[in-house]
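Step one of this worksheet: look at the structure below.
Quick caveat, the model's predicted, so the values are computed rather than measured.
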Protein chains: 2
Amino acid sequence: MSNAIDTRTALLAEAETLVRTLGYAAFSYGDLSERVGIRKASIHHHFSTKEVLGNALIENYLERFRAQLAELSASGGAATKQLRAYGDFFSGSLAEGQMPLCGALAADAAYLPPSMQKRVKAFFELHVDWLETVLRNGAANGEITLFAPPKRSALLLLSTLQGASVVAWALKDPSVIKPVFRQLLDSISRNDA
Amino acid sequence: MSNAIDTRTALLAEAETLVRTLGYAAFSYGDLSERVGIRKASIHHHFSTKEVLGNALIENYLERFRAQLAELSASGGAATKQLRAYGDFFSGSLAEGQMPLCGALAADAAYLPPSMQKRVKAFFELHVDWLETVLRNGAANGEITLFAPPKRSALLLLSTLQGASVVAWALKDPSVIKPVFRQLLDSISRNDA
DNA sequence: TTGACGCTACCTACCAGTAGGTAGGGCGTC
DNA sequence: GACGCCCTACCTACTGGTAGGTAGCGTCAA
């Protein structure tokens with residue numbers, strides 16, 4: 001096992017927690033070097049610029065999320081169960097004191113380099129697509145009856161989870177997210193199962 | 001009319017648009033001085049530190065919002081009409097290319113000085129309280145029937161608007177916010193009017 | 001003539017990023 | 001098996017630039 005891969009992984013992990021607690025603009029190579037235990041300049045060996053690091057961060061996060069969503073889909077559970085599990089991703093990370101990565105990034109979006117903006121956008125599109133598919137399937141097999149087009153309902157679900165994270169973060173009360181999302185799930189469709 | 005008040009007002013206005021487009025961490029006294037047309041150092045005459053400016057910003061915003069909400073309440077319109085107007089605040093400002101101020105601030109919350117965190121929190125509490133009152137009144141006078149406790153429904157409405165702003169911002173598509181909120185309004189209650 | 005207001009000039013701290021060097025592992029060649 | 005060579009990984013020392021903030025002077029209106 002190469003030392004370099006360990007360092008790279010550690011850098012990504014620490015950078016992610018920094019972004020998700022302080023925001024992208026507010027963390028520095030200096031902070032990062034202290035936490036990982038190498039010098040500031042050495043970070044440039046692994047990530048030539050902060051933009052490169054930022055993009056690696058999103059890509060890594062997106063890949064993990066994609067895997068989790070695929071796993072969820074593959075489990076073949078009921079749509080409502082999958083959606084509940086999806087919501088738990090958000091409430092879980094927030095309970096650990098971390099904002100969702102792309103929620104944290106989206107707020108500073110105008111300040112981010114275009115390459116990162118594109119990836120943040122792609123991240124949200126992945127989520128909307130996944131949600132839409134789950135909703136559409138649930139409706140198709142008669143499990144649920146949607147009160148609105150799947151795409152719009154998907155946007156609603158994503159928006160509420162992102163927003164609940166922000167509100168919970170500001171109120172310093174992570175417990176708000178779960179009942180709010182639960183209520184929304186009950187509201188957007190009738191469960192016919 | 002004093003010149004100083006004009007300058008102060010201009011500083012607040014420009015600072016607000018900067019925060020709402022770039023974020024708090026990403027805007028500087030340098031940016032601000034260019035836009036207002038006085039030197040960087042002169043800003044300190046009006047706002048001794050950035051933290052003082054930040055707090056004035058929130059207070060100013062909160063006061064304007066409080067007035068608008070009070071006006072809305074006083075108009076005595078139906079609950080659903082008031083809520084729709086409330087939603088228009090968000091979609092309106094987003095269409096002008098601005099994030100909601102406290103949404104933008106909340107994302108960087110951990111980086112903000114405690115005095116600002118407190119005010120952001122107070123801002124959200126004001127909104128939840130207003131929404132809760134409107135919902136409760138609407139339910140009391142038989143106009144709507146809520147499917148959940150008013151407080152939880154209020155949190156849901158606020159979360160969704162904040163989140164839809166973030167998502168719309170990241171997707172660079174301000175049009176998502178309106179149909180999403182419209183659908184949510186239809187979902188959380190039955191309109192008996 | 002005092003005080004509000006804005007200025008120039010400056011400070012310290014920190015930022016991302018660069019220059020250039022060192023320690024040591026892998027590897028082919030003689 | 002020792003030599004030369006390139007590589008990765010990290011270092012110290014530094015750059016230009018920018019951040020927020022300070023000191024003190026000029027000006028002009030009340």
Side-chain angles (χ1 to χ4, degrees), chain A residues 1-19 21-58 104-105 108-117 119, chain B residues 1-19 21-58 104-105 108-117 119:
Chain A
M1 178 162 55
S2 152
N3 203 348
I5 291 179
D6 285 353
T7 304
R8 198 190 138 90
T9 306
L11 284 169
L12 277 174
E14 290 297 332
E16 184 177 322
T17 71
L18 280 170
V19 171
T21 49
L22 296 176
Y24 180 77
F27 100 92
S28 73
Y29 271 33
D31 301 332
L32 196 49
S33 75
E34 271 184 32
R35 294 189 171 226
V36 175
I38 65 174
R39 296 288 142 172
K40 189 171 70 94
S42 305
I43 301 176
H44 288 280
H45 176 72
H46 299 276
F47 301 99
S48 57
T49 69
K50 199 182 177 185
E51 180 176 349
V52 168
L53 171 59
N55 279 317
L57 225 54
I58 307 178
L105 289 175
D108 296 311
Y111 157 87
L112 298 179
S115 63
M116 287 183 68
Q117 293 186 34
R119 281 181 172 82
Chain B
M1 179 160 57
S2 152
N3 204 347
I5 291 180
D6 286 350
T7 305
R8 196 191 140 91
T9 306
L11 284 168
L12 277 175
E14 290 299 332
E16 184 176 321
T17 73
L18 280 170
V19 171
T21 50
L22 296 176
Y24 180 77
F27 101 93
S28 72
Y29 270 33
D31 302 331
L32 196 50
S33 76
E34 271 184 32
R35 295 187 169 227
V36 175
I38 64 174
R39 297 287 149 171
K40 189 169 70 100
S42 305
I43 302 175
H44 288 280
H45 176 73
H46 301 275
F47 302 98
S48 56
T49 69
K50 198 182 178 186
E51 179 176 349
V52 168
L53 171 59
N55 279 317
L57 225 54
I58 307 178
L105 289 174
D108 295 312
Y111 157 87
L112 298 178
S115 63
M116 287 184 67
Q117 293 186 34
R119 282 180 173 80

Could you tell me how far apart [X] ([atom1]) and [N] ([atom2]) are, to the nearest whole angstrom?
X: B/Leu53; N: D/dG21; atom1: CG; atom2: P; answer: 10 Å
X: B/Tyr29; N: C/dC10; atom1: OH; atom2: P; answer: 22 Å
X: B/His45; N: D/dG24; atom1: NE2; atom2: P; answer: 18 Å
X: B/Asp31; N: D/dA19; atom1: CG; atom2: P; answer: 6 Å
X: A/Leu32; N: C/dC14; atom1: CG; atom2: P; answer: 17 Å
X: A/Leu11; N: C/dA16; atom1: CG; atom2: P; answer: 13 Å
X: B/Glu34; N: C/dC7; atom1: CD; atom2: P; answer: 13 Å
X: B/Lys50; N: C/dA13; atom1: NZ; atom2: C1'; answer: 15 Å

Practice prompt. Output, in order, the C-alpha distance, side-chain angles, deciding distance and verdict of side chain to side chain contact (heavy atoms under 4.5 Å, CB included) for B/His46 and B/Ile43.
Written response: CA-CA 5 Å; B/His46 301 275; B/Ile43 302 175; 5.6 Å; no

Worksheet item: Taking OP1 and OP2 of C/dG6, is either one under 4.0 Å from a side-chain nitrogen or oxygen of B/Thr7?
Response: yes

Worksheet entry | N or O in side chain of B/His46 less than 4.0 angstrom from C/dA4 OP1/OP2 | no

Response to the item:
Counting only Watson-Crick and G-U wobble pairs with both atom distances below 3.5 Å, the stems of 3 or more consecutive pairs that include DNA chain D are C:1-30 with D:1-30

Under the rule for side chain to side chain contact (heavy atoms under 4.5 Å, CB included), what residues qualify as partners of [X], not counting sequence neighbours?
X: B/Thr21; answer: B/Gln98
X: B/Leu18; answer: B/Leu22, B/Phe27, B/Asp31, B/Leu32, B/Arg35
X: A/Ser115; answer: A/Glu51, A/Asn55, A/Pro113, A/Arg119

Worksheet item: What pairs with B/Gln117 under side-chain hydrogen bond (donor to acceptor under 3.5 Å, both in side chains), at least two apart in sequence or on another chain?
Response: A/Lys172

Item to complete: Output the single nucleotide from D/dT8, C/dA4, C/dT18 whose closest atom is nearest the side chain of A/His44.
Response: C/dT18

Worksheet item: Between C/dG6, C/dT18, D/dG20, which one does the side chain of B/Ile38 approach most closely?
Response: C/dG6

Please list, pair by pair, any protein nitrogen or oxygen found under 3.5 Å from a nitrogen or oxygen in nucleotides 12-18 of chain D.
from   : atom 1 : to      : atom 2 : distance (Å)
D/dT12 : OP2    : A/Arg39 : NE     : 3.3

Discussion item. Under 4.0 Å, heavy atoms only, any strand: does A/Phe27 hit a base, just the sugar-phosphate, or nothing?
Written reply: sugar-phosphate

Discussion item. If we ignore hydrogens and angles and just use 3.5 Å, is the side chain of A/Tyr29 paired with the main-chain N or O of A/Thr49 as donor and acceptor?
Written reply: yes

[atom2] on [Y] to [atom1] on [X], rounded to 0.5 Å:
X: A/Thr17; Y: A/Leu12; atom1: OG1; atom2: CG; result: 11.5 Å
X: B/Met116; Y: B/Lys50; atom1: CE; atom2: NZ; result: 8.5 Å
X: B/His45; Y: B/Arg8; atom1: NE2; atom2: CZ; result: 10.5 Å

